[in-house]
2 protein chains.
Amino acid sequence: MEGDKRDLADLLKEGGYHSDIPEILHKLSLPVKKRVCALKKVQLDSIEIEAKFYERVHQLEKEFETEFNKLYEQRRKIVTGEYEPTDEESKLPIIHTADEEELKALNDKSEPDDGSKGIPSFWLHVLKASDMTQDMIQDHDEPILKHLTDITTTIEVDPHGFTIYFHFSPNEYFTNTVLKKQYFLEIKPDAEDPFSFDGPSVVRAIGDTIQWNEGKNITKKVVKKKLKKGSNAGKFISKTVKADSFFNFFDTIVPPTEDHKNEDDDDDDSHDLMRADFEIGQVLRDNIIPRAVLFFTGEADMGDDMFDMGEDDGEDEEEDDEYDE
Amino acid sequence: MEGDKRDLADLLKEGGYHSDIPEILHKLSLPVKKRVCALKKVQLDSIEIEAKFYERVHQLEKEFETEFNKLYEQRRKIVTGEYEPTDEESKLPIIHTADEEELKALNDKSEPDDGSKGIPSFWLHVLKASDMTQDMIQDHDEPILKHLTDITTTIEVDPHGFTIYFHFSPNEYFTNTVLKKQYFLEIKPDAEDPFSFDGPSVVRAIGDTIQWNEGKNITKKVVKKKLKKGSNAGKFISKTVKADSFFNFFDTIVPPTEDHKNEDDDDDDSHDLMRADFEIGQVLRDNIIPRAVLFFTGEADMGDDMFDMGEDDGEDEEEDDEYDE
């Protein structure tokens, strides 16, 4: 046993584990290492204060909720046709950067008024205009999403979180009038891994159960399978499986437990799926709901600015200039 | 003229300009278009509230400044050797996830104590461990950055902004003891382009002038050039040009004016450079200063989590399963 330990220590010395530990950290003298350990304690205290800061930001968001929701309610009334805006209220150009000519051209293409109320299929088009949600929408989802009259959100303080509500007009697909998805946030650092704290993170998401009408559940499909083994080999059976659909968004997402982790090889997949789901919730809340009309008009940034960041490293190439005095 | 206009309108109808305007927007009837214009007004009101929210977050950051700076001051004392931490204060492991064996292996590699105070070259190693700053550091910068004893930051409320201070021990390179860079933030939406508002953005950065000692200015170098044109063609001249250096970070960065934009082909480059500079300031403030020791130990995330996001789109491949009953 003693021998085993020594071998392991030798392995570690070669940088076998934790190869991401900087070489300079190994070489530090013991007194210097001790001082670095003391800095870790200071870091932990700093992370605790950071958590308090984010808690206050969350409270601030709650404080602003009423003011934002008043405006979103105005939007809902215009979208559903409950309120007809005046000329005065409609004088901003439909595209901010368009000039007179362009606006005229845009108007020239208009189809005749068919008497529709509000802005038909507004939210379907908004969801199709966002990078984050467009791939979630299948052809069979579209007729259902035409009934989507509003997407709203509330902030919860105890426990921390937010909820996204999808409001539907009466339809033939399901009996729910609202489908909600609740996101639970952890604002404190994780006890197991406090140093990775970087602000609030979604830890769990609970979706509503959709009350599909008979034969309308598009999230399931029946597939025929040929049995390959056993006494029934060669025969076909039918099985109901999950189908791609926007409405799978209302699935409940919980992080895999430790037990589950050990028995399931698809753990990485389920982790990715979880992260994608959490990110969709955050984008809906932070971007799509507050900027819906800009997605509708195509003016919202499709991607994150960060991803467009130029790779210019600031090198000065003046040396290659020609001289001419 | 009338004919010209019609041609232009036709061109626009073909989607010549604003090709990013969604096709469905063109086709909407005029009453529906009018309602979308009314939503733009509601959006503008919502953006005004958002600006007020961000203003409050900035105030909140100011409010927390003292609490954070108290801890950063503790860090400075340990880093410079002004304070020697006790055993009790140093009991956290140097690497959070390391086990006994790994810590032992790490300690076994330690070099003998040479009596150095504090943590030598702490900030140089921190800056070399961050993706954002490592490429800025040239070989000739390192001996100077060994004199960096602290990086601190303050928040300014009127006008909005933040300042980053680099503190140096007395050295042979320059006479400044502090080099600062001030960042100015715009928290209100831009009057010209209000719909692009997405929170505070840096609009200007002012760096300190470095008082280099004679012959020590590493940000300039002399190059020899062969004249290609004119009566002196073929002769060599010397010219002083900018050299790559971390210390170019103390350049002042102002956005190009409209006049400048028209006369300068390098405008995109200067825009990229400006964005990169602003981003470095923000990463220093939000990430490197608050988490310095985690960069030093290699535990800080080098990249942004967003970039690692799995591309799993949640497709269910159950259909390919084999049956065996």
Task: Under the ring-ring contact (aromatic ring centres under 6.0 Å, His included) test, residues paired with B:F53 that sit two or more places apart - done: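 Checked B:F53 against ring-ring contact (aromatic ring centres under 6.0 Å, His included); matches are A:F64.
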TODO: Mind checking ring-ring contact (aromatic ring centres under 6.0 Å, His included) for A:F195 and listing every partner two or more places apart, or none if nothing turns up?
DONE: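 Expected list: B:H96.
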For a quick test of reading the model, state the closest non-hydrogen atom pair linking [X] to [Y] and the distance between them.
{"X": "B:P22", "Y": "A:T297", "result": "CD-O, 3.2 Å"}
{"X": "B:E50", "Y": "A:P290", "result": "OE1-CB, 4.4 Å"}
{"X": "B:L71", "Y": "A:D45", "result": "CD1-C, 3.7 Å"}

TODO: Check step by step if side chain to side chain contact (heavy atoms under 4.5 Å, CB included) holds for B:I78 and A:V36.
DONE: CA-CA 8 Å; B:I78 294 167; A:V36 176; over 6 Å; no
Measure [X] against the heavy atoms of chain B and call it side chain, backbone, both or neither at under 4.5 Å.
{"X": "A:D87", "value": "both"}
{"X": "A:L39", "value": "both"}
{"X": "A:Y83", "value": "neither"}

TODO: Say whether, by atom type as modelled, one donor and one acceptor occur between the side chain of B:E67 and the main chain of A:S46 under 3.5 angstrom.
DONE: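 Not at all, since once roles are kept as given, no pair shorter than 3.5 Å links the two residues.
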TODO: Check for a donor-acceptor pair, side chain of B:E89 on one end and backbone N or O of A:R35 on the other, with a separation under 3.5 Å.
DONE: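 Checked: no pair found.
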Open item on the list: Could you tell me if A:S110 and B:K33 have a donor-acceptor pair between their side chains, going purely by distance under 3.5 Å?
Closed with: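 Judged by distance alone, the side chains do pair up.
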Of the backbone (N, CA, C, O) and the side chain (C-beta and beyond), which part of [X] lies under 4.5 Å from a heavy atom of chain A, both, or neither?
{"X": "B:K52", "value": "both"}
{"X": "B:E84", "value": "side chain"}
{"X": "B:I24", "value": "side chain"}

Option in [options] with maximal non-hydrogen atom pairs under 4.5 Å from chain B:
{"options": "A:K34, A:K224, A:K41", "answer": "A:K34"}
{"options": "A:I47, A:L106, A:V42", "answer": "A:L106"}
{"options": "A:H125, A:Q74, A:E192, A:K27", "answer": "A:K27"}
{"options": "A:P120, A:S116, A:G118, A:P112", "answer": "A:G118"}
{"options": "A:D286, A:D114, A:D113, A:D277", "answer": "A:D113"}
{"options": "A:T86, A:L44, A:L294", "answer": "A:L294"}

TODO: Would you mind checking if B:E23 and A:K109 are paired as a salt bridge, meaning a charged N to carboxylate O distance below 4.0 Å?
DONE: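 Yes.
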Open item on the list: I'd like to verify something: which residue of B:I119, B:V32, B:I49 has the highest number of heavy-atom pairs under 4.5 Å with chain A?
Closed with: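 The answer is B:I49.
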- [ ] Find the one option among B:C37, B:S121, B:A243 whose heavy-atom pairs under 4.5 Å with chain A are most numerous.
- [x]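 If we count pairs closer than 4.5 Å to chain A, B:C37 comes out on top.
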Roughly how far apart are [X] [atom1] and [Y] [atom2], rounded to 0.5 Å?
{"X": "A:L30", "Y": "B:E111", "atom1": "CG", "atom2": "CD", "answer": "11.0 Å"}
{"X": "A:R56", "Y": "B:R56", "atom1": "CZ", "atom2": "CZ", "answer": "8.5 Å"}
{"X": "B:F197", "Y": "A:R291", "atom1": "CZ", "atom2": "CZ", "answer": "8.0 Å"}
{"X": "A:I94", "Y": "B:I21", "atom1": "CD1", "atom2": "CD1", "answer": "8.5 Å"}

